[in-house]
Amino acid sequence: MTKKRIDTNLHYAQYIIARIILIGGIGFLIYSIWTQKIGAIIFCSLFVIYALILIKRIFNKPTEIEFDENYIYLENGNKRIELNKIIGIKKNRILYESNEIESKLKLPNFHFMDKKWTELKELINNEKH
């Protein structure tokens, strides 16, 4: 019953780089306002808004996921999901039932590159059958 962790290093790197790019965009926006270049102000404003939308939807902070034969552990073991409560896996998310409500767990980007992900997927499929 040892816990195995799904690797989140690439997702975390994506998370940090997206924030650095956003800070750079804000810096260029401030510079554009200071130099009063209208075209650059419009471009940088649109870029910062687009970057904010991407950060909220795609480049969010990765969730640390650990698992064993019976549970999936989140947030350093503070929250756990029983494998038999998992409904399915769709579009980078694990769907599970929590208090009679269907909930979603977003998997880290690049989870498919981790060998432990295939182990977790097999555990889920074995538990469903």
Side-chain angles (χ1 to χ4, degrees):
M1 291 198 59
T2 60
K3 291 183 185 178
K4 298 175 185 174
R5 177 175 285 193
I6 294 179
D7 188 28
T8 58
N9 290 338
L10 289 174
H11 187 126
Y12 196 73
Q14 229 182 10
Y15 170 77
I16 297 295
I17 291 169
R19 270 133 185 93
I20 291 170
I21 290 171
L22 176 65
I23 291 169
I26 291 170
F28 280 121
L29 178 62
I30 291 170
Y31 177 75
S32 300
I33 292 171
W34 184 54
T35 59
Q36 299 176 351
K37 306 253 185 206
I38 301 299
I41 292 171
I42 293 170
F43 174 77
C44 289
S45 297
L46 293 174
F47 178 79
V48 167
I49 291 169
Y50 181 70
L52 282 171
I53 291 170
L54 283 180
I55 284 174
K56 283 290 191 186
R57 292 191 177 200
I58 298 171
F59 303 122
N60 54 356
K61 191 169 185 179
T63 305
E64 296 292 329
I65 300 174
E66 296 177 332
F67 66 94
D68 61 18
E69 292 82 20
N70 301 316
Y71 297 99
I72 296 176
Y73 302 94
L74 309 173
E75 302 164 9
N76 296 327
N78 293 336
K79 184 178 177 185
R80 65 184 186 182
I81 302 167
E82 292 181 39
L83 287 179
N84 59 4
K85 300 237 178 176
I86 293 178
I87 299 168
I89 303 168
K90 291 183 183 176
K91 293 186 181 179
N92 203 24
R93 286 167 172 66
I94 294 177
L95 305 173
Y96 65 97
E97 192 174 301
S98 175
N99 298 330
E100 305 297 324
I101 299 172
E102 186 176 306
S103 301
K104 297 176 187 175
L105 167 63
K106 187 176 184 306
L107 295 167
N109 295 345
F110 306 109
H111 66 277
F112 54 87
M113 296 174 77
D114 191 359
K115 291 179 182 177
K116 293 178 185 138
W117 162 246
T118 55
E119 290 178 35
L120 177 59
K121 198 172 180 181
E122 287 174 8
L123 277 173
I124 291 170
N125 288 335
N126 290 339
E127 197 68 36
K128 286 173 63 175
H129 296 293

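Computed from heavy atoms alone, side chains included, the values below leave out hydrogens, waters and symmetry copies. Note that the structure is predicted; figures quoted are calculated from it, not measured. Along the sequence shown, residues carry numbers from 1.
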Less than 4.5 Å apart, side chain to side chain, heavy atoms only: is that true for Ile81 and Ile94?
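When only atoms from C-beta onward are counted, Ile94 and Ile81 do not touch, as no gap falls below 4.5 Å.
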Non-hydrogen side-chain atoms of Asp68 and Tyr73 separated by less than 4.5 Å:
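Yes, at least one pair of side-chain atoms sits under 4.5 Å.
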Can you name the residues that form a side chain to side chain donor-acceptor pair (under 3.5 Å) with Tyr15, not counting sequence neighbours?
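Listed in chain order: nothing, the list is empty.
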Between atom [atom1] of [X] and atom [atom2] of [Y], what is the distance when rounded to the nearest 0.5 Å?
{"X": "Ile87", "Y": "Ser103", "atom1": "CD1", "atom2": "OG", "value": "8.0 Å"}
{"X": "Glu66", "Y": "Ile72", "atom1": "CD", "atom2": "CD1", "value": "11.5 Å"}
{"X": "Glu97", "Y": "Glu82", "atom1": "CD", "atom2": "CD", "value": "10.5 Å"}

Please give me the minimum heavy-atom distance between Lys104 and Tyr96, naming the atom from each residue.
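What the structure gives for the nearest pair is C-CE2, 3.9 Å.
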Sequence-distant partners of Phe47, side chain to side chain contact (heavy atoms under 4.5 Å, CB included), two or more places apart
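Result, side chain to side chain contact (heavy atoms under 4.5 Å, CB included) vs Phe47: Ile21.
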Just distance, no hydrogens or angles: give the donor-acceptor pairs under 3.5 Å from side chains in residues 22-39, sequence neighbours left out.
unit_1, atom_1, unit_2, atom_2, d
Ser32, OG, Phe28, O, 2.8
Thr35, OG1, Tyr31, O, 3.1
Thr35, OG1, Ser32, O, 3.3

